[in-house]
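For reference, the structure discussed in these notes is given below.
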Amino acid sequence: MSKEFRPDTICVQAGWKPKKGEPRVLPIYQSTTFKYDTTEEMGRLFALEEDGYFYSRLQNPTNDAVAEKICELEGGVAAMLTSSGQAANFYTIANLCQAGDHIVCSAKVYGGTFNLYAATIHKMGMECTFVDPDAPAEEIDKAFRPNTKAVVGETIANPALTILDIEKFAKLAHAHGVPLIVDNTFATPINCRPFEHGADIVTHSTSKYMDGHAMALGGCIVDSGNFDWNAHAEKFPGLTTPDETYHGVVYTERFGKKAFITKATAQLMRDLGSIPSPMNSFLLNVGLETLPLRVEKHCSNAKKVAEFLKNHEKVEFVNCGMLEGDRYYEVAQKYMPNGTCGVLSFGLKGTKEDAVRFMDSLKLCAIVTHVADARTCVLHPASHTHRQMNEEQLREAGVTPGMIRLSVGIENPQDIIDDLAQALANV
Ligand SMILES: *Cc1c(COP(=O)(O)O)cnc(C)c1O
């Protein structure tokens, strides 16, 4: 589809393009395999000489149509779906790095991403240095090493809600000849398109707003096509030297701007196999059709709820980038002027027990680990995600005993506020 269309049009129209007499709605190609007429036809697919489907672990038409839609939304040149956001973030690093390599990552990232980069890739011989995303550029610059291969951050960090200064990070990454990877899960391309600010690769957990209904786990990797791998060929031999497992193909030579995604499909999907089921991709596509409507409503609801909380006598603080006076208000205005996301956090005055009483008094807002779907949900980090930490560790992680994470849904905002008000009255 033409790049001239705007995001809300892309959400309903891009991806699946039926020809004469074909289904209007994206079909679920629930098939592991695909048929050919001659030995030679299928042979060309195995040699990467021709584009086509042969086994769903590598590619599937339902998955590809949805990847194409997300690719257009982000303004990229190629994209692939994965079975989860974790797989998307792992593949992105594994496609660039090998044992002995190093990455730089914002310390304010999703807990799963933190474990992946702090522990799991470490066991594979790779290293990660975590940096304070709000530190001055000169400070962050000290984390780079000769073997650094990528820089990673989250547009809006889950759950810290810090907002990444994408241009600052892009400049640092490019000065060291490496790409900036941005996890754009919370902002979604409706509110922020990181490629426009210098990011090179975007990842998503589509399990959140993109799916939007808490129905299917999924992930996505999108490449802007902007990073010049050949200009830094010695850092990225996997992309710029022959792949002996495909008869010596050189990805940058054969696939140009699609080199990164082609390599991730041909090597990582082939060998590791975190492909989404076509059924889940179909569900994701249904979610994507209404993404712009839901994101707008999530943001307007969250702003109303944040204002209510900010003015409540039992509330100590509110973190929401859409509130004037918030620590990230200015940077949010720059990168996502139409809104941030529906997730906010706030602190109750009082003890951990007060927070528990508040949580257990809620009737509409449900206690759920998930965030970023249509239904409002809450979580108490000190009792749940950060339960193993002692008081001092909690403080270091920026979690107070009375802190609540609230994912504002798309219900009527007054009903959400009424529920919060009655629960606050119980504290
Ligand atoms: C949830 C989340 C992930 C992990 O995604 P899954 O789909 O749960 O595997 C990664 N990054 C961010 C920012 C997330 O919120």
Side-chain angles (χ1 to χ4, degrees), residues 63 66-67 70 74 79-94 103 105-121 128 130 133 150-164 166 169 180-192 194 199 201-222 268 272-277 280-281 283-284 287-288 291 295 298 302 319 321 328 335-336 340-345 368-373 377 379 381 384-386 405-408:
N63 296 346
V66 183
I70 297 174
E74 288 287 6
M80 70 194 283
L81 297 187
T82 57
S83 54
S84 69
Q86 284 300 112
N89 282 328
F90 174 60
Y91 276 29
T92 305
I93 294 307
I103 62 171
C105 182
S106 161
K108 299 286 169 61
V109 286
Y110 176 67
T113 306
F114 185 85
N115 288 334
L116 172 63
Y117 296 160
T120 299
I121 68 165
C128 177
F130 291 95
V151 180
V152 188
E154 290 178 7
T155 336
I156 307 173
N158 174 14
L161 301 176
T162 53
I163 293 174
L164 194 72
I166 302 171
F169 271 76
L180 172 63
I181 300 159
V182 170
D183 182 330
N184 197 29
T185 297
F186 268 18
T188 84
I190 302 304
N191 280 346
C192 181
I201 292 160
V202 157
T203 62
H204 282 280
S205 164
T206 63
S207 325
K208 313 292 164 51
Y209 288 116
M210 283 191 170
D211 168 278
H213 302 78
M215 291 188 298
L217 265 101
C220 187
I221 307 170
V222 189
L268 299 176
L272 303 172
S274 317
I275 200 81
S277 86
N280 277 4
S281 300
L283 293 171
L284 170 59
L288 284 167
L291 181 68
V295 164
H298 278 292
N319 294 322
Y328 294 99
Y335 291 108
M336 42 201 97
T340 53
C341 66
V343 183
L344 55 88
S345 62
V368 172
T369 315
H370 197 247
V371 288
D373 72 72
C377 52
L379 185 121
H384 303 140
T385 46
H386 296 67
R405 186 179 75 184
L406 180 66
S407 174
V408 179

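Numbering of ligands and ligand atoms starts at 1, following listing order.
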Q) How far is atom 7 (O) of ligand 1 from its nearest protein heavy atom, and which residue and atom is that? A) Ser207 OG, 2.6 Å
Q | Side chain, backbone, both or neither: Asn89 near ligand 1, heavy atoms under 4.0 Å | A | side chain
Q) What are the atoms of ligand 1, with element, lying closer than 4.0 Å to any heavy atom of Thr185? A) 12 (C), 13 (C), 15 (O)
Q: Kindly compute the distance separating OH (Tyr209) from OG1 (Thr185), expressed to the nearest 0.5 Å.
A: 11.0 Å
Q.
Could you walk me through whether Arg405 and Asn319 satisfy the side-chain hydrogen bond (donor to acceptor under 3.5 Å, both in side chains) test, starting with their C-alpha distance in whole Å, then the side-chain angles of each, then the deciding distance to 0.1 Å, before giving a yes or no?
A. CA-CA 9 Å; Arg405 186 179 75 184; Asn319 294 322; over 6 Å; no
Q) Rounded to the nearest 0.5 Å, how far does CG of Asn184 lie from NZ of Lys208? A) 12.5 Å
Q.
I need the nearest protein heavy-atom contact for atom 8 (O) of ligand 1: residue, atom name and distance, please.
A. Leu217 CD2, 3.9 Å
Q) Counting from 1, what ligand 1 atoms have a heavy atom of Gly218 closer than 4.0 Å? A) 7 (O)
**Q.** Distance filter under 4.0 Å to Glu154 heavy atoms, resulting ligand 1 atoms
**A.** 13 (C)
Q) About how many Å separate OG of Ser106 and CG of Leu164, when rounded to the nearest 0.5 Å? A) 6.5 Å
Q | Shortest protein contact, atom 6 (P) of ligand 1 (heavy atom only) | A | Gly85 N, 3.4 Å
Q: Could you list the atoms of ligand 1 found under 4.0 angstrom from a heavy atom of Gln86?
A: 4 (C), 5 (O), 6 (P), 9 (O)
Q | Rounded distance [0.5 Å steps], CZ in Phe90 versus OG in Ser274 | A | 8.5 Å
(Q) Here's a test for you: under side-chain contact (heavy atoms from CB on, under 4.5 Å), which of Ile181, Leu268, Val152, Val202 qualifies with Thr92? (A) Ile181
Q) Strictly under 6.0 Å, is that where the ring centroids of Tyr117 and Phe130 end up? A) no
(Q) With side-chain contact (heavy atoms from CB on, under 4.5 Å) as the criterion, how do Glu154 and Phe186 come out once you've worked through the C-alpha distance, each side chain's angles and the decisive distance to 0.1 Å? (A) CA-CA 8 Å; Glu154 290 178 7; Phe186 268 18; over 6 Å; no
Q: Around atom 15 (O) of ligand 1, find the nearest protein heavy atom and jot down its residue, atom name and distance.
A: Lys208 NZ, 2.6 Å
Q: Could you find the nearest protein heavy atom to atom 13 (C) of ligand 1 and give me its residue, atom name and distance?
A: Asp183 OD2, 3.5 Å
Q: Pull out every atom of ligand 1 sitting under 4.0 Å from any heavy atom of Asn158, numbered as shown with elements.
A: 14 (C), 15 (O)
**Q.** Best match, Tyr110, Phe90, Tyr209: closest heavy atom to atom 10 (C) of ligand 1
**A.** Tyr110
